[in-house]
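Residue numbers run from 1 in the order of the sequence given. Whatever order the structure lists ligands and atoms in, that order sets their numbers, starting from 1.
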Amino acid sequence: MRYDTPSLVRWNARAYDSSFGYVSAHGAPLIDLLDPQPGERILDLGCGTGVLTAEIASRGALALGIDGSPAMIEAAIAHHPGLDFIVGDGHDFTVADPYDAVFSNAALHWMNRDPDAVIECVRMALRPGGRFVAEMGGAGNCSALTAAMLTAWREHGLNEPHLPWYFPSPAEYAARLEKAGFALRIIEFFDRPTPLDECPNGAADWVRMFAGALLEGVPPATVEPLLRRVNELAAPALRRESGWMADYVRLRFAAVRH
Ligand code: BEZ
């Protein structure tokens with residue numbers, strides 16, 4: 001196992017858990033798809049602060065949470081004493097004993113360096129017949145948010161930012177799973193506009209939270225005008241009377257290891 005932190009992501013575990021609790025709240029249907037059984041060994045890949053790991057454990061499964069961010073794992077251990085959590089890279093982990101299922105919510109799109117390596121690690125972690133049940137950002141995810149970012153960066157004369165996410169189409173991800181030795185059981189692809197309830201400053205807050213590392217390359221005096229421009233550009237698509245929405249697109253699937 002190699003332990004490291006994704007280079008572009010500087011997670012703030014407290015903000016992630018409170019302001020962005022929807023990551024966990026929206027995980028309930030995925031847990032239903034997983035259908036954890038008492039005594040099953042289930043690995044939660046990209047577990048964040050461990051809310052869904054704890055939900056899986058509450059169904060009687062033996063859950064292990066793994067995440068690339070030491071800050072997230074520290075928070076997970078603090079919030080859920082008695083559960084097991086480790087820091088690990090989704091591209092490069094091994095387990096001593098095989099699992100009945102690997103579960104992942106809103107995390108696979110961060111493992112963008114080599115999606116096939118991630119799928120292979122998952123396959124190796126599963127027993128034959130074991131399930132891979134996950135939800136991630138799919139093709140077109142955050143398109144208004146990212147278009148606003150790219151335009152604002154360009155208008156300010158900055159180099160185009162390398163966006164640190166992988167948002168595949170259902171066809172692409174299904175092909176990767178099947179090539180790796182999984183039988184696909186279910187794949188769903190749907191829009192899920194998501195209120196940014198805790199983002200009073202809209203898209204700018206979202207960028208700070210999820211793409212903060214990209215701001216490190218921006219001259220300090222440019223950051224505020226840049227983010228103001230992101231908000232101006234994103235507002236027509238994403239600001240409603242009720243508040244800001246993120247234009248999320250979900251790819252949800254269940255597959256079984258041959
Ligand atoms: C998502 O859940 O789709 C997502 C969240 C933060 C950054 C990028 C994507």
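Partners of Asp84 by side chain to side chain donor-acceptor pair (under 3.5 Å), not counting sequence neighbours: none found.
The closest side-chain heavy-atom distance from Tyr248 to Asp191 is not below 4.5 Å.
Looking at Trp110 next to ligand 1, no N or O pair under 3.5 Å apart turns up. In terms of polar-atom proximity, Trp165 is not counted as a contact of ligand 1, lacking any N or O under 3.5 Å from an N or O of the ligand.
For ligand 1, the atoms closer than 4.0 angstrom to any heavy atom of Trp206 are 6 (C), 7 (C), 8 (C). Near Asn141, the atoms of ligand 1 lying under 4.0 angstrom from a non-hydrogen atom of the residue are 1 (C), 3 (O), 9 (C).
Counting heavy-atom neighbours within 6.0 Å of Arg59 CZ, excluding the residue itself, gives a total above 12.
Among residue pairs with one or both ends in residues 165-184, those qualifying as side-chain hydrogen bond (donor to acceptor under 3.5 Å, both in side chains) are Asp116-Arg176, Tyr166-Glu172, Tyr166-Arg176, Glu172-Arg176; sequence neighbours excluded.
Within the structure, ligand 1 lacks Met136 among the residues with a heavy atom less than 4.0 angstrom away.
Ring geometry for Phe182 against Phe132 counts as tilted: the plane angle lies between 30° and 60°, on a 0 to 90° scale.
The part of Arg250 lying near ligand 1 is the side chain, judged by heavy-atom distances below 4.0 Å.
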